[in-house]
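The structure appears below as structure tokens.
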There are 2 protein chains.
Amino acid sequence: MAFSALIEDFKSVDTSSLVDKVEAKLVQLLKDRKLKVGDSIPKEIELAESLGVSRTVIREALLRLRVMGLIESKKKKGAVITSPDIFGIIGKSMSPHVLDQDTLRDMFELRLILEIGMADFIFQRITPEDLAELKKIVGKEPDATQDYLFNIEHEIAFHGKLYEITGNETLRKFQRMLLPVFDYVHHSGLLKKQINNKRFVSHRGLVEIIENGSPEMFRNAMRNHLENHFSRLFD
Amino acid sequence: MAFSALIEDFKSVDTSSLVDKVEAKLVQLLKDRKLKVGDSIPKEIELAESLGVSRTVIREALLRLRVMGLIESKKKKGAVITSPDIFGIIGKSMSPHVLDQDTLRDMFELRLILEIGMADFIFQRITPEDLAELKKIVGKEPDATQDYLFNIEHEIAFHGKLYEITGNETLRKFQRMLLPVFDYVHHSGLLKKQINNKRFVSHRGLVEIIENGSPEMFRNAMRNHLENHFSRLFD
DNA sequence: CCGGAACCTCAAGTCTTACATAATACGAAT
DNA sequence: ATTCGTATTATGTAAGACTTGAGGTTCCGG
């Protein structure tokens, strides 16, 4: 079919803007050069001249890379490669208000998935100090009647510590990004079912399992601990 | 100490650039106005005038929002709000080559966490059609001696289907982002331990559990299924 | 009355030039 | 030699002009 081939050709005319092309070229340049973090790239003017476009276009392309966290530009040094802090970047752009409801719900679920799934890493990497700190945290565990804000604070401290124990920095960042979303979903009217405050496995119980149990036991206990959230999703 | 207080004061001097401020103002504007997707924001020139800065600055601020996926600008229409596709955005910026080793390893682990943690959602939301498709996929499960590429393809098909079953679109996007990273880490020399090809619980076994078992059983089976990866991390 | 072609308009995209700012390098002065 | 100031340099900000392409309008022909 000469026709479909032709269509394909038409499709392939680049509808992309100048900046798009430059951006692609720069990214490719970065990849090719096997750049390391801290390495610096040519000056804006040099790039402009060598690519035959204005400095404006170069700046816009560089700006994109900067927003994506690929580079960082200093006043005199020019631009240097940086290791992108993925979730830091998204975190900025992602306040709950701008996300649609489906995504919000998805992220709510994502937290549950993570905390159940990370059992093995907790057991593998926990140190005696970690355990001591966990015990200290649950030592102050408030009962259900206690002040609401204090409960929240305690929740964050405990679960945050668990993430920390996994030794997975990316996971922690991810959690920090999820945190406001989770809170938002939890309290906005997004989930129809009411908040259930039955207590299942407590933080104390989880720590007990971390100390004497297995990842398998922990997963089940955590699943149980999170039952209040699950029931709002599933019932 | 008057000194440290002074230092604190000095820290609080506004080191942010003009564009930073404008960006913040715009984001705030978006939040305040309770904008809906598809709504459009003022023209660049108007913004420039009303904020008292040059169009250049406005453009850069807008560009940031665009890169973050908050807005989209058309030739004549001006800029309109869009629902940000979080992982789509990062996916673009995030080829394995630009990530440092720790982050790569973190993301490798993240996949393991997700697949173990998502058990409940699979059981809750699977449909008979999903189950049939899973069976069809494992029906073609290659044995270990088979062609390497075919194995990869099969892996992706099977695990990808599991993500799909969870009904969590954000999770799927996250996985698609993780995929190349996982593959990269798996084959680069990042993990010292050799690839182990012992077979543990098979895909077939997982499907069997999905059909007749419980989330609890599935988590353990999946943990076992992924043992080859875990052992490379832990041993 | 309707369809559509030619034209117009507008806002974003691109380019150019000029100046401001901040970090570094280097040299002079104490 | 240390310190201060100055020159240099590359990014940051500004302003103005021109280009482009998508939307709207007019007006002609059916």
Side-chain angles (χ1 to χ4, degrees), chain A residues 10-27 29-30 33 35 37-82 84 92, chain B residues 7 9-27 29-30 33 35 37-82:
Chain A
F10 275 129
K11 265 188 187 169
S12 74
V13 299
D14 51 354
T15 167
S16 61
S17 98
L18 230 188
V19 179
D20 289 330
K21 294 179 199 123
V22 172
E23 179 196 355
K25 259 210 146 38
L26 287 178
V27 170
L29 184 98
L30 298 198
R33 292 275 183 90
L35 48 96
V37 172
D39 203 358
S40 67
I41 60 183
K43 295 178 283 194
E44 293 178 351
I45 295 191
E46 289 176 12
L47 287 173
E49 283 171 2
S50 80
L51 292 183
V53 296
S54 79
R55 194 179 146 220
T56 310
V57 172
I58 295 290
R59 276 188 64 76
E60 236 186 89
L62 286 179
L63 174 54
R64 290 189 188 179
L65 302 189
R66 208 162 53 216
V67 173
M68 295 190 294
L70 290 184
I71 66 174
E72 190 171 292
S73 40
K74 289 280 190 180
K75 267 287 165 67
K76 159 136 186 182
K77 293 282 269 203
V80 298
I81 311 292
T82 67
K92 281 191 53 176
Chain B
I7 301 269
D9 263 14
F10 276 129
K11 265 187 187 169
S12 73
V13 297
D14 198 354
T15 171
S16 63
S17 103
L18 229 188
V19 178
D20 289 329
K21 296 181 197 114
V22 171
E23 180 196 354
K25 256 208 147 38
L26 288 179
V27 170
L29 184 98
L30 298 199
R33 293 276 183 86
L35 48 96
V37 171
D39 203 357
S40 66
I41 60 183
K43 294 178 282 193
E44 291 180 352
I45 294 190
E46 289 176 9
L47 287 172
E49 283 171 2
S50 81
L51 292 183
V53 297
S54 80
R55 191 174 153 225
T56 311
V57 173
I58 294 291
R59 277 188 65 77
E60 241 187 80
L62 286 179
L63 176 54
R64 290 190 190 178
L65 303 191
R66 209 164 45 209
V67 173
M68 294 190 297
L70 290 184
I71 64 173
E72 191 172 293
S73 41
K74 290 278 189 180
K75 267 286 167 70
K76 159 136 188 185
K77 294 280 271 202
V80 299
I81 312 291
T82 68

task: Please state how far atom CG in A/Leu63 lies from atom C1' in C/dG13, giving the value in whole angstrom units.
output: 15 Å
- prompt: Are B/Arg66 and A/Glu60 within salt-bridge range, i.e. N to O under 4.0 Å?
  reply: yes
task: Please report, rounded to the nearest Å, how far the P atom of D/dG12 is from the CD1 atom of A/Ile71.
output: 9 Å
message: Can you tell whether the side chains of B/Asp20 and B/Arg64 come within less than 4.0 Å, N to carboxylate O?
response: yes
- prompt: Considering only heavy atoms from C-beta outward, does the side chain of B/Ile58 approach that of B/Leu51 to under 4.5 Å?
  reply: yes
query: Is the shortest side-chain N/O distance from A/Lys77 to OP1 or OP2 of C/dA23 below 4.0 Å?
result: no
- line: Judged by nearest nucleotide, the residue sitting upstream toward the 5' end of DNA chain C, A/Glu60 or A/Arg55, is A/Glu60
- line: Here the distance between atom C1' of D/dA22 and atom NZ of B/Lys43, to the nearest Å, is 15 Å
message: When you measure from the side-chain N and O atoms of B/Thr56 to the phosphate of D/dG12, is any distance below 4.0 Å, counting only OP1 and OP2?
response: no
- prompt: Charged N to carboxylate O below 4.0 Å: is that the case for B/Lys43 and B/Glu49?
  reply: no
Whole-Å gap separating C1' (C/dC10) and CD1 (B/Ile45): 10 Å
- request: Measure from the side-chain heavy atoms of B/Lys76 and tell me the nearest of C/dC15, C/dG13, D/dA22.
  value: D/dA22
message: The criterion is salt bridge (charged side-chain N to carboxylate O under 4.0 Å, His left out); which residues satisfy it with B/Arg55, sequence neighbours excluded?
response: B/Glu44
message: Let's see if you can work this out: which of C/dG13, D/dA14, D/dT11 has an atom nearest to the side-chain heavy atoms of B/Ser54?
response: D/dA14
message: Between P on C/dA12 and CG on B/Leu65, what's the gap in Å once rounded to a whole number?
response: 14 Å
query: Distance check: side-chain N/O of A/Lys75 vs OP1/OP2 of D/dA10, anything under 4.0 Å?
result: no
field: Below 4.0 Å: OP1/OP2 of D/dA10 and any side-chain N or O of A/Ser73
entry: no
- prompt: Are OP1 or OP2 of D/dA15 and a side-chain N or O of B/Arg59 less than 4.0 angstrom apart?
  reply: no
- prompt: Rounded to whole angstrom units, what separation is found between the CG atom of A/Leu47 and the C1' atom of D/dT11?
  reply: 13 Å
task: Whole angstrom is fine here: how far is it from CG in A/Leu51 over to P in C/dT14?
output: 14 Å
query: Can you tell me how far P of C/dC10 sits from CD of B/Glu44, to the nearest Å?
result: 16 Å
